[in-house]
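Each residue takes its place number in the sequence, starting with 1.
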Amino acid sequence: EIVVCSKRSALNMAYQELVEVQEAASGTIEPVCLLEKSGKDLVGLPLKAPLAVHDTIYALPMLTISMDKGTGIVTSVPAESPDDFMCLKDWKSRANWREQFGVKEEWCLPFDVIEIMEFPDSDGSTAAAPYVCEQMKIGSHKERDKLAAAKKEVYMKGFYSGVLTVGPYAGSKVMDIKDQIRNDLIASGEAVPYFEPESRVVARSGDECIVALCDQWYLKYSDEQWTQRVKAHIENDLNMFNEAAKKNMLYAVGWLGDWACSRTFGLGTKLPWDEQWLIESLSDSTIYMAYYTVAHLIQGGELYGSTDGKIAPDAFTEEVFDYIFCIRQDVPADTAISTELLHRMRREFEFWYPVDLRCSGRDLIQNHLTMSLFNHAAVWEDPSRWPQAMYCNGHVMVDSEKMSKSKGNFMTLEEAIQTYSADATRIACAGAGDNLNDANWSRETAAKSILRLTTLQAWTEDMVKRLPSLRSGELNFLDRIFENEINAAVTQAHAAYTDMLYGEALRLVWFDMDTLRSQYAILTNGDVHHEVTKRLMEVQMVVLSPIAPHVCEHLWRNVLGKQSFVVREPWPTPAAVDGILKRQYEVIQGSLRFFRLELDKLMSPKKKKKKEQAGPATKPTHAVIWVAKNYKQYQQDILSVLQQIEFDAENAPVDPDFMRTVKNSEVMKDMPKTNVKKAMSFASFVVRNEVSIRGPAALDLQLPFDEDSMLKDILDVVKAQLGVPNIEVCDAEREHPRGCDSQREAATPGNARIAFFVDVPEPAAA
């Protein structure tokens, strides 16, 4: 047989016993080359293709074909390959191309797209490639990027949904019949199995790698029972901290198949039953954590193994390791190791195992980490001995760029610590990004952290001096609110640390707590309570210490005067978070924020035309706050409908078309037309701005507290914040002598509205 192919694929075939070979001058083998031709020489050759409808087809040029992939010759399927469709279309429609490349009309014009599959789950049976190319407005087969996107869409749809409509396999789904077609073609002699690297792989020597057929030992990860045990552990017991990582791991379990686990050169452990082979590195580094549990006893207390241990290596037989690692119960009879030492090593293993947490890169999910689970399952029947959690992270960038010496943004850990300090470096790491995303370590964040740590130290030192003079006794309303916010932050921070969301934890234990201390001082006009302030300082030192231990240790011992080490302090045990107090704080903060924005708009009016001079805005002297105890009737109806909508864990509607449900509800059919538009806007606003932040609780028809009384109780705070001396709080259901009905009617429970006024004093009598 003569094979027409690229030089690269011929070399792969030579090492897979598919073509005749000869010894090269270098001593390696190479394929026997009978003739070399350019692609242009093959254009127009009449061919017969397996499973083709036409008896004869012709070789046509494809200007984008890659000689680094496959054989350099592909069978064209214009119906389901966007590249093939656009290539055929170009040759049929571009006469100048045909003339330039010597393509005759009879080689392409008579050939139209033949539909080969249908998609029962979609509308119509139009061939996928022409449809997608038209939708994406692809004009030529040279548009590589567009065609790559089209190919991804078409191939996935064809594989999972396509049903063949022609040939001997008509009526079969592609995903079900693909392997059968492959096997039938090989059996009939119309195809041969051929392998090559998925993409270009270059060895450290600079040589391009190929796939060779040779003797090999495999780990049969494809074993159904073995695979199911590992899969069950991932689904039910293994904590991956991230759903995407878990899905990737499950995919890898199904994908791994039979893994070549041996090689003949390099460093590694000899294969016990065939010592001419070494175990390749990935297969040999999956349960070494078990060895760590007893390494100090085997190596005589020396960590790096630079000295000979007290026990001869040949004493560690398979039976000895089986006993140490709890695979067998009885002590081996013939061993040079003392029973006492064996018992001690077994106790060490039982104490430390299983692996509670394994941290690694996301690129190792598809091999090393998955193999670790498989090999644990092979050694230990009991899943409680298998890894319990795996956390995977992305790569590290510096200042939003890939770390590189050529870019000048390369930084070692030691350099970062010397420049920014250990704690500022740790803070920048914590805030760099969580989960599978690439972490972005920012120099700016590290630099600003130094200033923030300095500010924290200065504030703590000042408050410790002032503690004896601070207000004491019974806590008032604002004291209880802020104590409750401390409890909420501690509870949420514990959850964030547990889920290894360090960016979220950093926000809660540093930024949010800094905001709490400033807001507490602002809302109380500096009249803070001794116990609340002391607790805020102590709690923050403990919950911030996992990220910034050095500063927290200094403040804990040298400023707060504690005798213990902060890193040994137990996690604070806060009281249960009071949901009503938390909602009151949210309403207070939201109201004050809205009031300030309204005042800013009043004091900074829109600029007038160029010729008109805008005079300075007059500071208001009076304000009216309207508080609504109940929603308007149409709003109550909408909230009742939204309460029936299902929301996911992110507080987003499970049904993205939920507004259609609202529109078709009975309350909308019976609603006066004047309210319909307002009702739909209200529904959209509540879901987008309220539910997304507070969850389904935002759909409650009433607040769980008296908003009117609360605002009246803190009216002095509101006046001080706004700088307006005269403010009254009024019921939004009652008209006010000053008017402003638009503001009054806009008020809803939890969303008070305000209007400002300037009262000019009467001129003095003459």
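Looking only at distances, a side-chain donor or acceptor of Thr165 sits under 3.5 Å from a matching main-chain atom of Ile116. One N or O on the side chain of Asp84 and one on the backbone of Val77 form a donor-acceptor pair closer than 3.5 Å. When atom types are taken as modelled, the side chain of Thr227 and the backbone of Tyr221 share a donor-acceptor pair closer than 3.5 angstrom. In this structure, Thr56 contributes its side chain and Pro46 its backbone to no donor-acceptor pair below 3.5 Å. A donor-acceptor pair under 3.5 Å is formed between the side chain of Asn440 and the backbone N or O of Ser400. When atom types are taken as modelled, the side chain of Asn183 and the backbone of Asp179 share a donor-acceptor pair closer than 3.5 angstrom. Listed for the Glu381 side chain is no donor-acceptor partner under 3.5 Å among the backbone atoms of Ala377. Checking side-chain atoms of His368 against main-chain N and O of Leu364 turns up no donor-acceptor pair under 3.5 Å. A donor-acceptor pair under 3.5 Å is absent between the side-chain atoms of Tyr194 and the main chain of Gln16, judged by distance alone. A donor-acceptor pair under 3.5 Å is absent between the side-chain atoms of Trp91 and the main chain of Val103, judged by distance alone.
A salt bridge links Asp657 with Arg660: the distance from a Lys NZ or Arg NE/NH1/NH2 to an Asp or Glu carboxylate oxygen falls below 4.0 Å. Salt-bridge check for Arg229 with Asp223: failed, with every basic side-chain N at 4.0 Å or more from each acidic carboxylate O. Of the charged side-chain nitrogens involved, none lies within less than 4.0 Å of a carboxylate oxygen, so that Glu36 and Lys7 do not count as a salt-bridged pair. Ion pair Lys92/Asp112 flagged as a salt bridge, since at least one NZ, NE, NH1 or NH2 atom sits closer than 4.0 Å to an Asp/Glu carboxylate oxygen.
The NZ atom of Lys157 lies 8.5 Å from the CD atom of Glu80; values are rounded to the nearest 0.5 Å. Atom CD of Gln276 sits about 11.0 Å away from atom NZ of Lys270, to the nearest 0.5 Å. Rounding to the nearest 0.5 Å places CD of Gln22 at 9.0 Å from SG of Cys33. Here CG of Asp258 is found 9.0 Å from CG of Leu219. Values are rounded to the nearest 0.5 Å. Note: Met659 CE to Ile645 CD1 = 9.5 Å, rounded to the nearest 0.5 Å. Atom CD in Glu143 sits 11.0 Å away from atom CG in Asp83 (nearest 0.5 Å).
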Q. What do the steps show when you test Arg98 against Glu105 for salt bridge (charged side-chain N to carboxylate O under 4.0 Å, His left out), and what is the final call?
A. CA-CA 8 Å; Arg98 294 198 300 270; Glu105 292 184 356; 3.7 Å; yes
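When the shell of 6.0 Å around CD of Gln135 is examined, it contains more than 12 heavy atoms from other residues, nucleotides or ligands. For Asn236, the CG atom sits in a packed shell: over 12 heavy atoms of surrounding residues, nucleotides or ligands are nearer than 6.0 Å. Heavy-atom neighbours of Glu235 CD from other residues, nucleotides or ligands within 6.0 Å: above the threshold of 12. Annotation for Lys151: atom NZ does not count as buried by contact number, only 12 or fewer foreign heavy atoms lying within 6.0 Å. Within a 6.0 Å radius of OH in Tyr291, more than 12 heavy atoms belonging to other residues, nucleotides or ligands are found. Surrounding CD of Glu190 are more than 12 heavy atoms belonging to other residues, nucleotides or ligands, all under 6.0 Å away.
There is no side-chain donor-acceptor pair under 3.5 Å between Asp90 and Trp97. Between the side chains of Ser9 and Asn12, no donor N or O sits under 3.5 Å from an acceptor N or O. Using modelled atom types and a 3.5 Å distance limit, the side chains of Ser262 and Gln216 yield a donor-acceptor pair. Defined by atom type and a distance below 3.5 Å, a donor-acceptor pair is missing between the side-chain atoms of Asn96 and Gln100. Side-chain contact annotation: Tyr169 with Asp184, donor-acceptor N/O pair under 3.5 Å present. Defined by atom type and a distance below 3.5 Å, a donor-acceptor pair is present between the side-chain atoms of Ser384 and Asp382.
Val163 has its side chain out of reach of Val174: every pair of non-hydrogen atoms, C-beta onward, lies at least 4.5 Å apart. A heavy-atom distance below 4.5 Å is found between the side chains of Cys392 and Leu369. Between Val21 and Glu30, the closest side-chain pair of non-hydrogen atoms is not below 4.5 Å. Contact of the Lys89 side chain with the Arg94 side chain is not registered, since no non-hydrogen atoms from C-beta on lie closer than 4.5 Å.
Taking the six-membered ring where the residue is Trp, the centroids of Phe374 and Trp226 are separated by under 6.0 Å. In this structure, Tyr292 has its ring center under 6.0 Å from that of Tyr288.
Relative orientation of the Tyr58 and Trp107 rings is parallel, given thresholds of 30° and 60° on the angle between their planes.
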Using atom types as modelled, flag every donor-acceptor pair under 3.5 Å from a side chain in residues 205-215 to any protein atom, sequence neighbours excluded.
from   : atom 1 : to     : atom 2 : distance (Å)
Ser205 : OG     : Asp207 : N      : 3.4
Ser205 : OG     : Asp207 : OD2    : 2.9
Glu208 : OE2    : Arg8   : NE     : 2.9

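Only one option out of Phe325, Trp386, Trp380 pairs with Tyr353 in a ring-ring contact (aromatic ring centres under 6.0 Å, His included); it is Trp380.
Listed by chain and number, the residues in a side-chain contact (heavy atoms from CB on, under 4.5 Å) with Glu134 amount to none (sequence neighbours excluded).
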